[in-house]
Structure formats: C-alpha cells, structure tokens
Amino acid sequence: MEQLSCANRPMFNNLKVHFAGCEQMEHICMARDAGVQYFLFSCFPFIARQFGINGFPIVVRDSFPPKEVQAAGKHVIMDSGLFTLMFGAHAAPRDAKFVYAWQQALVEFVKSNNIAATCVEVDCQKILGVREAWALRETLRRDLPNRQINVFHAEDGKAGLDSLIDFSDYIAISVPELRLRHGKNYAQHVHRLANYIKDRKPGIDIHLLGCTEANLLRKCSFCSTSDSTSWLSCVRWGRILGKHVSQLDPALLQRAKSPVEMMIEKYSIPSSPARVRANILNYASAYIHKQHYAQHAGNQE
C-alpha cells in the first residue's frame, strides 16, 4: 500500500484495553473480580456447532457466557470468529457460501440472545476478496442493529481504506498483520495508519486488534479501544509482564482465592488443584495487566 501522510497528534486519555478470551466463564469471572471493565469474546464456540465444529465445553450449567460478560463491565466487543476459521485451530478452505452462512448465523445468534455488544464484522478480504467483503459488510449493516467495527486489511489498499473510513464510524487496524508485513518497523506503520484515519475523519473510533504493547498504547492513546489475550498467557508460560509467577505478591494470590472458590461454587465448575491455581494466576494477571494498561494507555475504569 502506498505511504500515508499524517500529522503529529496530541495524546488523549481514552483508549480502553479489552481483555480477550472471555468466551469462558472462568476467564470472565477472574477478569471481572480483578476489576476489569472492558471485555472481548468470540461468537465462534456458540455458533460453530451449526457447522459441525464441536468440542467446546464452554457453557456451564444454566450460565451463558455472552450474557455474563455483557453484565460484567462497561463495554463488550464480540468478534466474528472468522480468524479461527481461516487460520486458527479450525482452519480449513472456506468458500463464499460458507462465509455468508456464518454471517447469517452470527446475526441470528446476536438477535436471539439479545446480545448488545459491539460486533466485529466478518472481514473476509483475505479469502474472498474486497468485493465480497463489501457485500457482507453492507448486508451486516442492514441486518444487525448493533454497532459494528469494520476491519481494514492490506488487500483493501488506500482507496479501499478511504472508502471504509467514509462508510464506518468504528474501524479496526489489524496489528498482527502489520507486524508480519513490516517486521520490527510495524509500530510506526500502525501509528501512521491510525493518524491518517483520524485526520480523514476526526470523530471515528479506532480499535487496535491484538495490541497491548506499551509503546503502541502510549503512541496511539488517541484511539478508542484495543484488545489482547496476553493476560491469559501466564498459565501457559508462567510469566506475567516478563516476571515469573513465583515472584507474585503472596497477598495478591491470597486475595484471589475467595473469588475463585465462589466462582467454582456458583457455576459448579469442576475443580482440581491445577485448575484452581490456573484461575488464581489468571486473577492475578488480570489485576496486574489492568494496572499496566492504566499506566501506558490511561484510565481503565
């Protein structure tokens, strides 16, 4: 894509980091009880069964995670799940018929369950092309009353970006995509792109997909939202923001035990020492990450 010019923009205090991975009740509860106010979940596990994709022990007893997360904080974003279908654990060739059916299932899921979340569009540029992406985008705008986030990808080009800015009031930049395309210089490309969007339409909201890097949060604090699952990596890698979990404040771990026990009892979640420890670490990680984001992106209340 050709170079974009942009002006230097003053810092603002409004970027809210959304804690992703909240399809699971345990993740919702730990983030909420740690004080998190902003969440992102995917509709993927809730509509995948219609397409023969199974294996999601998500819904516990009578609880329903989308409604739980909706009540937990101040703003919730629902992802379309398309990335998982294209490149994730359930990647497979997807034709236009499948993608159109997926979007229709998404619309029906939102309407039938009274989901009030802001919805990320089915951004299919990489598999179906820009023209089909626009057709789906316009159909979603017509069929779904929820506020929507439209996603820019490199395939759109500059002319497509301009059209998307004109069309949308909430636009997403895929930070992982720019990281792959531009390597160590990706941050300056993200910053330039975000500035260009704001210069063209000052009132537009910008979401940074998959972004919680401190330097980008500081540089792009004029954006509205971002998201990441990095807060959940502590169980897998044993580290929180570069520190080993063995260095965690014992008082914070002790404080986590009560909400973990209450959650297990309320939702009849099967418990084991390993599972209890995982939830304690996720609570601690959510608490620490929220403070970290407040330091670099501004108030997260």
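Annotation: salt bridge (Lys or Arg N to Asp or Glu O under 4.0 Å) contacts involving residues 128-147, sequence neighbours excluded, comprise E121-R137, R147-D169, R147-D205. Applying the ring pair (Phe, Tyr, Trp, His ring centres under 6.0 Å) test to every pair with at least one member in residues 239-262, sequence neighbours left out, gives no pairs at all. Applying the salt bridge (Lys or Arg N to Asp or Glu O under 4.0 Å) rule to pairs touching residues 25-40 yields E26-R275, sequence neighbours excluded.
L216 and L180 sit in two unconnected hydrophobic clusters of ILVMFWY residues. Membership requires side-chain heavy atoms under 4.5 Å apart, directly or through other members.
Applying the side-chain contact (heavy atoms from CB on, under 4.5 Å) test to K74 and every residue at least two apart in sequence or in another chain returns Q37, Y38, E301. Taking the ring pair (Phe, Tyr, Trp, His ring centres under 6.0 Å) definition, one finds that F19 meets it with W231, Y293, sequence neighbours left out. F167 meets the ring pair (Phe, Tyr, Trp, His ring centres under 6.0 Å) test with W134; sequence neighbours excluded. By the side-chain contact (heavy atoms from CB on, under 4.5 Å) test, Q188 is found to be paired with N185, R192, residues two or more places apart in sequence or in another chain being considered. For Q70, there are no side chain to side chain donor-acceptor pair (under 3.5 Å) partners at least two apart in sequence or on another chain. Not a single salt bridge (charged side-chain N to carboxylate O under 4.0 Å, His left out) links R277 to another residue, sequence neighbours left out.
Residue M262 belongs to no hydrophobic cluster, having no ILVMFWY side-chain heavy atom closer than 4.5 Å to its own. Cluster partners of I77, by chain and number: L40, V120, I149, V151, Y170, L209. The rule joins Ile, Leu, Val, Met, Phe, Trp and Tyr whenever side-chain heavy atoms lie under 4.5 Å apart.
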List, one per line, each side-chain donor-acceptor pair under 3.5 Å for residues 41-48, sequence neighbours excluded.
{"residue": "S42", "atom": "OG", "partner": "F44", "partner atom": "N", "Å": "3.0"}

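Ring orientation note: the planes of F98 and W102 are close to parallel, at an angle under 30° on the 30°/60° scale.
Between the side chain of K201 and the backbone N or O of D166 there is at least one donor-acceptor pair closer than 3.5 Å. Although no hydrogens or angles enter the test, the distance criterion places no donor-acceptor pair under 3.5 Å between the side chain of S285 and the main chain of L281.
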task = Check step by step if side chain to side chain donor-acceptor pair (under 3.5 Å) holds for T225 and H207.
result = CA-CA 5 Å; T225 54; H207 181 81; 2.6 Å; yes
key: Step-by-step salt bridge (charged side-chain N to carboxylate O under 4.0 Å, His left out) determination, E177 to K126   = CA-CA 11 Å; E177 179 182 280; K126 292 189 180 302; 2.8 Å; yes
task = Please step through side chain to side chain donor-acceptor pair (under 3.5 Å) for the pair Y287 and N282, ending with a clear verdict.
result = CA-CA 9 Å; Y287 180 87; N282 283 334; over 6 Å; no
